[in-house]
Visitor: 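Let me give you the structure first, and then I'll get to my questions.
As the structure is a prediction and not an experimental result, all values here were calculated from the model. Atoms considered below: every heavy atom in the structure, side chains included; atoms not considered: hydrogens, waters and symmetry mates.
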Number of protein chains: 4
Amino acid sequence: MVQELTLAEAKTILDAMEEKAEELGVPLNLAVTNSEGNLLGFRRMDGAKLVASNIAQNKAYTAAAVKKPTHELKEGAEPGGDVYGLHTTDNGRVVVFGGGFPVEHDGVVVGAVGASGGAVSEDMEASQAGLDAFEPLR
Amino acid sequence: MVQELTLAEAKTILDAMEEKAEELGVPLNLAVTNSEGNLLGFRRMDGAKLVASNIAQNKAYTAAAVKKPTHELKEGAEPGGDVYGLHTTDNGRVVVFGGGFPVEHDGVVVGAVGASGGAVSEDMEASQAGLDAFEPLR
Amino acid sequence: MVQELTLAEAKTILDAMEEKAEELGVPLNLAVTNSEGNLLGFRRMDGAKLVASNIAQNKAYTAAAVKKPTHELKEGAEPGGDVYGLHTTDNGRVVVFGGGFPVEHDGVVVGAVGASGGAVSEDMEASQAGLDAFEPLR
Amino acid sequence: MVQELTLAEAKTILDAMEEKAEELGVPLNLAVTNSEGNLLGFRRMDGAKLVASNIAQNKAYTAAAVKKPTHELKEGAEPGGDVYGLHTTDNGRVVVFGGGFPVEHDGVVVGAVGASGGAVSEDMEASQAGLDAFEPLR
């Protein structure tokens with residue numbers, strides 16, 4: 001049995017991410033996927049960078065597919081790292097800077113979030129706000 | 001000046017599409033793009049088909065990119081049609097069956113909607129509900 | 001809660017598909033995916049056509065993503081059909097001839113099978129043998 | 001005459017890789033290709049990371065295509081290396097961290113193995129177990 005996020009849960013998460021981005025004053029692209037990295041919900045805030053649309057979605061994909069926050073992948077993917085070049089694998093969908101987090105429930109990855117368009121710290125803050133707002137509705 | 005849909009407008013449209021899909025009893029993938037075919041908002045309803053995630057987004061892309069409802073492209077794209085094979089152009093992003101519509105304001109395309117996951121008639125009905133709900137907020 | 005095939009179940013399915021292919025005397029490519037179309041198990045029988053490696057995987061993907069057997073998609077995707085051009089959507093992963101089937105349990109799609117490399121009837125027979133062998137182990 | 005792995009040999013290899021992964025207590029994606037880098041057999045163990053499905057296949061592809069273990073490619077692909085950027089060539093299919101090995105017979109590459117989903121050392125250990133289990137059946 002695999003647990004998956006529902007659309008209602010994804011909306012709650014996106015609302016919190018959007019609210020945080022507004023608080024930070026930076027327009028972001030916001031994405032939520034299920035545990036297999038497929039998109040459940042997406043929002044591009046007014047004025048958010050186009051490049052960040054794809055990056056937000058791929059941050060969430062990466063977090064689901066690797067089962068780790070994306071910022072934890074950076075060190076290993078860099079020159080000298082254990083998995084140097086990780087970000088160019090999997091058809092270029094792997095993002096190795098911060099802003100993607102798996103969503104866990106009872107210790108199991110049930111989906112993922114990704115934010116992009118601001119400084120990495122802002123992207124991470126918005127995603128974290130989404131995680132904090134997650135409440136299993138089932 | 002080019003007018004574009006805002007995220008707030010996209011949400012109103014998506015709410016109406018989702019409501020219609022619930023009324024029809026069929027879980028859909030729902031997409032709204034800006035006038036350049038780039039995604040503004042997306043929702044995959046619980047139980048909606050995975051294949052329709054990509055198709056909903058590409059229906060909206062197509063409607064924005066061609067500035068026509070997708071069902072109007074079918075005849076021309078078929079054997080014997082003026083633009084036979086249209087759907088295999090543009091990196092396969094062009095969809096030539098119903099469910100995608102441009103969103104117009106003052107005679108100008110300001111974005112597009114796409115729905116996928118049901119019968120074509122259901123997809124079209126959901127997208128139409130989105131169009132009907134569109135109210136320029138600016 | 002989403003139910004998913006396990007690798008053990010996928011192997012049982014692949015064994016039955018392979019046995020049927022041997023019985024038919026035609027080397028096939030055989031694929032099993034989870035409900036989101038991601039590959040769980042794959043086998044290319046000795047002498048099986050290379051082209052059919054991708055097709056078997058995409059038949060299974062399609063059956064999972066559309067939640068229907070692939071042969072049921074053919075009529076609609078043909079000229080004059082409701083969803084003409086369906087097979088060129090979703091990055092060309094949609095296959096509209098026979099050989100892909102969703103695997104269902106308690107009325108829910110928990111995965112999919114795909115076979116390719118023989119006549120369509122042979123591909124379908126092998127996939128059907130896989131379905132028949134499916135026994136939930138949990 | 002070119003020698004190639006058979007499906008039966010690939011299964012023996014995959015069995016040994018899977019057994020090693022279970023022993024290590026880490027769910028992996030496991031792939032075997034022929035000497036041309038095309039997939040012969042694949043298994044995604046229960047709970048194995050999605051990203052590693054593609055990476056395991058591409059590790060095996062790389063090992064077959066380069067005729068070297070993937071960990072030997074790392075140094076050259078890094079900044080300052082002879083073939084800096086190697087991993088971004090060949091449509092991003094080249095992986096330059098450990099876990100892929102060519103399978104050799106009589107000094108000739110007859111196929112390749114790839115494992116992904118654990119630490120690089122675990123991936124390498126599982127692949128090595130597969131190599132050790134290889135016995136030409138012809």
Visitor: Check whether more than 12 heavy atoms from other residues, nucleotides or ligands sit under 6.0 Å from atom CD of C:E72, and answer yes or no.
Guide: yes

Visitor: With only heavy atoms counted, which part of D:L30 is less than 4.5 Å from chain C, the side chain, the backbone, both or neither?
Guide: neither

Visitor: Is chain D contacted by the side chain of C:L40, its backbone, both, or neither, given a heavy-atom distance below 4.5 Å?
Guide: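 Its backbone and side chain both get close to chain D.
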
Visitor: If every non-hydrogen atom of C:L7 is compared with every non-hydrogen atom of D:R44, which pair is closest and at what distance?
Guide: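 C:L7 and D:R44 have their closest heavy atoms at CB-O, 3.7 Å.
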
Visitor: Contact part of D:N34 toward chain C, heavy-atom cut-off under 4.5 Å: side chain, backbone, both or neither?
Guide: side chain

Visitor: For C:K11, does the NZ atom have more than 12 heavy-atom neighbours from other residues, nucleotides or ligands under 6.0 Å away?
Guide: yes

Visitor: Which atoms of D:E36 come close to chain C, meaning under 4.5 Å heavy atom to heavy atom: side chain ones, backbone ones, both, or neither?
Guide: neither

